[in-house]
Enquirer: 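Please find one structure pasted underneath; my questions will follow.
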Amino acid sequence: QRKLGTMAARRASNARGKSKDLSLAQRSEIREAFDLFDTECTGAIDVKEFRVAMRALGFDVPKEDVKALSDKIATTGKDGRICITFDSFTDAMAERILG
């Protein structure tokens, strides 16, 4: 569960700044990978699908690294499910793509 404090808000803002630097093709690829797992069109994927979605984009990330990243960006949905929103996913992928 994530609560957005001042420092976290600043980091999230910086990550969103990077996602704006993605090309249209990169944004499209990220959307396509995310949509593969957002089968109910809720705008969020289950945290368990995060690693597979990253692999769909060509990232072979160790399980421990995926867990650490998902712990930072995952939120609890209205239904109590731990999930990753499209915006959080895009920001995290922008960090990986753009460095």
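These numbers come from the heavy atoms of this one structure, side chains and all, not from hydrogens, waters or symmetry mates.
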Enquirer: Would Met54 and Asp60 count as a side-chain contact (heavy atoms from CB on, under 4.5 Å) if you check the C-alpha gap in whole Å, the side-chain angles of each, and the deciding distance to 0.1 Å?
Expert: CA-CA 7 Å; Met54 289 181 71; Asp60 189 17; over 6 Å; no
Enquirer: If you measure from CZ on Arg55 to CZ on Arg51, what distance do you get to the nearest 0.5 Å?
Expert: 4.0 Å
Enquirer: Is a donor on one side and an acceptor on the other found under 3.5 Å between the side chain of Ser70 and the backbone of Val66?
Expert: yes
Enquirer: Between the main-chain N or O of Thr85 and the side-chain N or O of Ser88, is there a donor-acceptor pair closer than 3.5 Å?
Expert: no
Enquirer: Any sub-3.5 Å donor-acceptor pair from Asp35's side-chain atoms to Asp38's backbone N or O?
Expert: no
Enquirer: Students often mix this up, so state it plainly: with edges at 30° and 60°, are the rings of Phe34 and Phe89 parallel, tilted or perpendicular?
Expert: tilted
Enquirer: Does the side chain of Lys48 reach to within under 4.5 Å of the side chain of Ile82, using non-hydrogen atoms?
Expert: no
Enquirer: Apply the test side-chain contact (heavy atoms from CB on, under 4.5 Å) to residues Thr75 and Ile84: give CA-CA distance (whole Å), side-chain angles for both, the deciding distance (0.1 Å), then the verdict.
Expert: CA-CA 6 Å; Thr75 58; Ile84 295 172; over 6 Å; no
Enquirer: Can you give me the closest heavy-atom contact between Cys83 and Gly77, atom names plus distance?
Expert: SG-N, 4.0 Å
Enquirer: Go through it in stages, so that I can follow the logic: the residues are Phe37 and Val52, the test is side-chain contact (heavy atoms from CB on, under 4.5 Å), and I'd like the CA-CA distance, side-chain angles, deciding distance and then a yes or no.
Expert: CA-CA 9 Å; Phe37 301 97; Val52 183; 3.3 Å; yes
Enquirer: To the nearest 0.5 angstrom, please state how far the CG atom of Leu57 sits from the CZ atom of Arg96.
Expert: 11.0 Å
Enquirer: Any heavy-atom pair between the side chains of Met93 and Glu29 that's under 4.5 Å?
Expert: no
Enquirer: Output the distance between atom OG1 (Thr76) and atom CZ (Arg81), rounded to the nearest 0.5 Å.
Expert: 11.0 Å
Enquirer: Would you say that Ile97 contacts Phe59 through its side chain, given a criterion of any heavy-atom pair below 4.5 Å between the two side chains?
Expert: yes
Enquirer: Without swapping roles, check the side chain of Thr90 against the backbone of Phe86 for a donor-acceptor pair under 3.5 Å.
Expert: yes
Enquirer: If only atom types and distance count, is the side chain of Gln26 paired as donor or acceptor with the main-chain N or O of Ser23 below 3.5 Å?
Expert: yes
Enquirer: Under the criterion side-chain contact (heavy atoms from CB on, under 4.5 Å), I'd like the reasoning laid out for Ile73 against Asp91: C-alpha separation, chi angles, the key distance, then a yes or no.
Expert: CA-CA 9 Å; Ile73 66 172; Asp91 294 343; over 6 Å; no
